[in-house]
Each structure stands twice: as structure tokens, then as C-alpha cells.
Amino acid sequence: MNIEQEISLQIDRAITELYGENPTTAKLEKTNKDFTGNYTFVVFPLLRISKKKPEETAAEIGEKLIQIGHPVVAYNVVKGFLNLSVSDTLWQNLLHKNWNNPGYGIQHNTANRVMVEYSSPNTNKPLHLGHIRNNLLGYSIAEIMKAGGYEVIKANLINDRGIHICKSMLAWQLFGNGETPESSGTKGDHLVGKYYVAFDKAYKAEIDEMVAGGMDKEEAEKSAPLLLQTQEMLRQWEAGDPDVIELWKTMNGWVYKGFNHTYNRLGVDFDKFYYESNTYTLGKDIVSEGLEKGVFYRKDDGSVWIDLTAEGLDHKLVLRKDGTSVYITQDIGTADEKFREFGTEKSIYVVGNEQDYHFKVLFLIMQKLGRKYASGMYHLSYGMVDLPSGKMKSREGTVVDADDLLDEMHDTAKAKTLELGKTEGMADAELDTLYEKLGLAALKFFILKVDPKKRMLFNPEESIDFQGDTGPFVLYTYARIQSMLKQAGNDWQTPSGESPTLLPAERDALECLYAFPEAVSMACRDYNPAVIAHYSLDLAKSFNRLYNELSFLKETDPAKRAARLQIAAFTANTLHNACRLLGIETVDRM
RNA sequence: GACCCCAUAGCUCAGCUGGAUAGAGCAACUGCCUUCUAAGCAGUAGGUCGUUGGUUCGAGUCCAACUGGGGUCGCCA
């Protein structure tokens, strides 16, 4: 039981004793900075049963708590607000128990399994900033679920087939002259992306030409030779034409090599890969099952639908009239497949908010089909990353390329570090690692600190900050503590005698540390890494205030020195754990 | 047209699910490095929480309508 729960229980009992009844269970809030106290209980709702003024009601309850004596040691009343101060012993115990607990805030693994599906790229173009947001969110939420006690399976469903893949294949055949990543020194995914763009350009040229020849634009878009050739290629692929399959394997291989490089650099990984080329026929059996159960219905032309008008949605196609799958058919099939293989009780899909409708429908369908795991399905929907000029479009080349951005972050970190000149004596390789970590921290924090569901603006003209509420700020606080602890010897680790009285700044820091497990469970409950990002800022700030106000190494009283250094170590460890949940690596020097 | 999401300081964002005088960072301005890392700390200034109603002891938070921005309603994925 934590402090809040204990006090709430005491309040509940006090209310019943005082007024003979108690309509609700007490909810505590954290006391505002401007008032003294740790927790606040609002008594306004009780006035009906207390039949007394707010101040009197609050005071009566406060007195009861003081009589009990633990953990509340003092109270004050402002209007209807009962502010409670808890005993320092609580904070001292927290410090004593956890200052060197590496697993602080991290729950033990249970048997509950959750799958986090994220990244899920197309294999026809390199990754851009939008994918970065997806990857960082997915990785972070997976780490957060782990910290919440789940066993996590990270999955990547790769969209490796379809008409868009054939476009880059065809363009490469037509214009590529046998170019390979090796022959041109181009990263594989970028090379394929180049031909995807080339296709679009040539296709548009064809359309323009046809329109100039007098054809209707819509007609031209449908009958342009390039498009027909692509469709033919897709048919050949589906028929297993050896040449087409060979080309497809080769070009996808290039892309995977490129993706792996970027994934490694971003520090994201996966336990399970699904390939759409394997899954795109899944789900048909379930459509039959749904037809039998009466969940779906068949139209005269043979296509299969579900009626979701009762749920305020529309009719949705689940199988084409020619019997082939659509997107949602595959997702229906894959959902079952995932559950069959892993028995996951939760399944999180990290996918952009333009697919909100799709997932609403998918989850409804699984429910109607009677899948018990359906209630554990969650769409972690996130907003687009826009540029000042508007949306990023791969086909038109108006994207912030992931690899370019990572390079830029590295360079900025380097420039900033050299400017500050605090890294004498570090080897070149070590420095390079530092720049990379700092750049990544800045980028990851920049993206993860904003609420996933909000769309965000990225201005390539302005570099991502390294000062203020940023990743480097958090790392800086960590590094500062490491530097201090290195100089501190080790007598502080085993102090003798009683714990010294806490000073306000120390108490603040400990209160902040106390809040970490709560932040983890909130992030877990809301599927929101931003909670952890903001927590880590709060913690870093509380420590920096303490650092500025009091001495650590220079403190002459051994007991005080020890307690303070333990707070420092506790803070560093907690910052480290918080960073880990965000996929950010800490550094000992910067 | 229908439905979904968003709107808080000049900019980027918090606001713990209805509580006290709405908080940070950036940018601007003041201070603080012969002492533990100044990527820091302290301070000044900056607000009709998109608008209008409603619900109640109490609304940035809940409800309704409206305005503005984005998205979705494909036998694309």
C-alpha cells in the first residue's frame, strides 16, 4: 500500500466516525506548490453530511488524522482544502530502501503478454521523420509495458508486396541500367526509393502527354502504359513468375539492408517479423466463419460485407467479389495468427491517426466474431509530423529523410560539445559515440515529449534544441551526478548513525523520486511515453535546484553528506531508468 | 454531406481525468562560474485557456452549438 492509499483509508474512516456515513472514497491530490503540505483533501463534497462550514469540517478530519499519528504529522486548512504533511520518516525510508536499487520503478515480469506492432514500413522507399515518430513511440511503449510488468513481443509487419512495390521494380527495370547499392554506393532503401520517385515522374509525364493528346485526365490515369505494366507485373508476381520474384527478392533485400542500418542507429529492434507477402491471403477462413455466424453478409455480386450502421459506422467490405483479400481481411487474419502464436492478452498497434477508422472497424469485427482477445486490442494512434510547407510526401520528395536527420543530429551534437570544450582527454571513438548518443537523445526526447495523438510540426530550418526541456538536459543532469560520485569516495554508501533532518530541497527531490513508479503506471495505462519524458524533466529540475542550493562533496557533516550523495545516486539511477523507457542512453561525461 | 481528432504565453509543449492565484522550455531582459560539469540555477516580462451558452459549491478540464486546423468515409495499403 502506498502513502496515498493509506491516508485515503484513514480519511474514509474518520469521515464515517465523524458523520456516521461516508458516501464516497476519499481522493487525494498533491498539494499545490504555494501551500504547505504533501497531500490535499478537498472537503466541499462533504458539507452536506457534515452540516458544518468547510473550515470546521476540514479541521475535524485533520485532527482525527493527527490522533492516528502516522503517516500524517501536521495539517493546515485553507477554505475547504485540508493540506496534510507526512512524516519525513517516509522519505528517509524511501531513500534508504531504494537509493541503490537498480530496478526502482520497474515491475517484475508477469505471465501477461502484450504485442506491440510498430514500424511496419513499405519496402519501396527509405524511412522518413514520420516513420521515426512511429519507431520511437513503438519502441518506447514496448519498454514501458515491460516496466509495467508485461512480457512484450515487438512485432514488425512489413508491407513488402503490392502495386506500389512493383512501381519501383518496374522503374528500376526500365531506367536502372543494372544499378545496385554496391555499384553506385547508395544505401539500398534510398536506391529503391529513387526508382519509386522515378516511376511517379515518368507516370505523370505519360499522363500529361495523353491529356495533351486530348484524353480525359481520369481516363489517362487509368490507362497510362506504365500503370498497366505495373499491374501486369503484380499479376506475374502473384503467379510466381521466377524473374519477377527474383527481382522482388533482390530489391527487397537491398531495402532490408538499408532499414536494418537505420533501425540499428535508432536503437529499435523486433522479436517477430510478419511479411505481408505471407499474410495477405490470411483471413479468408475467418470471413467464411463470419458468414456462418451471420456476422458478415454476402452481396449478389459475391463480395462480402459487414453492417456496422448500428455502431454508427458504415458498411465495410471484407472480401472482394473475386474472392481476394482487402487490407482489413489481412488484419483480421493476422490478429488471429498473432494470438495463436503468442497468446497475447493485449495487442497494441502503433499506426498513424489516418487509420483511426480502420482500427475502429477491425476491433469491432473481432469483437463480433467473439474473439476474447478483442478487448485487449488498442490502436496507439499518433499524429502526423508536418513541415512548415505542409505534409511530407515521399513520391514528391518533400520528406525529411531519417538517415539525413540522424546525421544532422550527430553533427549538431558535435558542434555543441566542441563549443563547450568539456571533453579533453576523451578518445576519438569515445567522442563519436558521445555525439551519436547526444544527437539521438535530443531527437528522441523532442518527439516523445509531445502527446502522441497531437500532430507535430518540424521545421528543418531550426535545429532541435539542446538546452531547456530537452534530452541533453536530462543527460547532463545524469552526467553531472556521475562526475560527482566519481569524486566522492565510498564512505557515503554506508553511513552510520541516524538519518539527518531533511532540508526542503532534499524533501522536494525525494518526493519527486517517489513519484516515478506512479509515472510508469500512468504511462502504461495511457500508452503514453510523454508522461515519462515530462517526469524525467521534473526529476532533473528538482535535482539541479538541490545541486545549486546545497553542497554535496563539500558538506562537512558526514551523515548529511551521505544522505545527499545517496539522493544524487538515487536520482541518477531513476533518470537512467526513465531514459531507458524512452530508448535514450545515458552518458557519464558530456 | 457524415463521422473522428486537435485548439492553452510570440513559438514548442505540460496541466495527474472537476479543485486553490493556469505551469515549463525557447526567444527577450536581470543577476549567479578563483568552490562538486553554467548543456545549469535564480529572477523580470509575457494569458479573456478558439467563441457562446449550459451543468454545480467550483470548469482549461464535463455537455451543446459554432469558428478555425487536420484526418477518414477506395473492391489502395
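Values reported hereafter were calculated over all heavy atoms of this structure, with side chains retained and with hydrogens, waters and symmetry mates removed. In what follows, chains are A, B, ... by sequence order, proteins preceding strands, each numbered from 1.
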*Within this structure, what is the CZ-to-P distance between A:Phe445 and B:rA14, rounded to whole angstrom?*
12 Å
*Could you check whether A:Val450 gets within reach of a base, just the sugar-phosphate, or nothing at all, counting any heavy atom under 4.0 Å?*
sugar-phosphate
*When all nucleic acid strands are considered with a 4.0 Å heavy-atom cut-off, which category describes A:Asp588: base, sugar-phosphate, or nothing?*
base
*Got a sec, which pairs hit salt bridge (charged side-chain N to carboxylate O under 4.0 Å, His left out) with one end in residues 25-40 of chain A, sequence neighbours left out?*
A:Lys30-A:Glu518
*Under 4.0 angstrom, heavy atoms only, what part of the nucleic acid is A:Leu438 near: base, sugar-phosphate, or nothing?*
base
*Could I get the full list of salt bridge (Lys or Arg N to Asp or Glu O under 4.0 Å) partners for A:Lys204, not counting sequence neighbours?*
A:Asp200
*In dot-bracket, 5' to 3', how would RNA chain B read with Watson-Crick or G-U wobble pairs under 3.5 Å, [ ] for crossing ones and | for pairs to another strand?*
(((((((..((((.....[...)))).(((((.......))))).....(((((..]....))))))))))))....
*asked:* Using atom C1' in both nucleotides, what's the gap between B:rG53 and B:rG43 to the nearest angstrom?
replied: 41 Å
*Hey, could you give me each pair passing salt bridge (charged side-chain N to carboxylate O under 4.0 Å, His left out) that has a residue in residues 462-480 of chain A? Not counting sequence neighbours.*
A:Asp469-A:Lys541
*asked:* Walk along nucleotides 27-36 of chain B from 5' to 3' and tag each nucleotide B, S or - by protein heavy-atom contact under 4.0 Å, base first, then sugar-phosphate.
replied: --------SB
_Quick test of your reading: applying salt bridge (charged side-chain N to carboxylate O under 4.0 Å, His left out), list the pairs with at least one residue in residues 551-564 of chain A, sequence neighbours left out, ordered by first then second residue._
A:Asp491-A:Arg561, A:Glu506-A:Arg564, A:Glu555-A:Arg564
*Return each pair, listed once, that meets salt bridge (charged side-chain N to carboxylate O under 4.0 Å, His left out) where at least one residue sits in residues 434-454 of chain A; pairs must be two or more places apart or across chains.*
A:Arg265-A:Glu436, A:Lys437-A:Glu585, A:Asp451-A:Lys453
Compile the donor-acceptor pairs under 3.5 Å between side chains in residues 531-539 of chain A and protein atoms, sequence neighbours left out, one pair per line.
unit_1	atom_1	unit_2	atom_2	d
A:His534	ND1	A:Ala530	O	3.0
A:Tyr535	OH	A:Cys512	O	2.7
A:Ser536	OG	A:Ala533	O	2.7

*Mind checking what makes side chain to side chain contact (heavy atoms under 4.5 Å, CB included) contact with A:Pro460, not counting sequence neighbours?*
A:Leu387, A:Pro388, A:Val400, A:Phe458
*What string of B, S and - do you get for nucleotides 68-77 of chain B 5' to 3' if you count protein non-hydrogen atoms under 4.0 Å?*
-S-SSS-BSB
*Considering only the C1' atoms, how many Å lie between B:rC29 and B:rA65, rounded to the nearest integer?*
44 Å
*asked:* As a test of reading the structure: which of B:rA24, B:rA7, B:rU17 is closest to the side chain of A:Lys541, going by heavy atoms?
replied: B:rA24
_For A:Glu55, give me all partners under side chain to side chain donor-acceptor pair (under 3.5 Å), at least two apart in sequence or on another chain._
none
*Considering residues at least two apart in sequence or located in another chain, which fulfil the salt bridge (Lys or Arg N to Asp or Glu O under 4.0 Å) criterion with A:Glu219?*
none
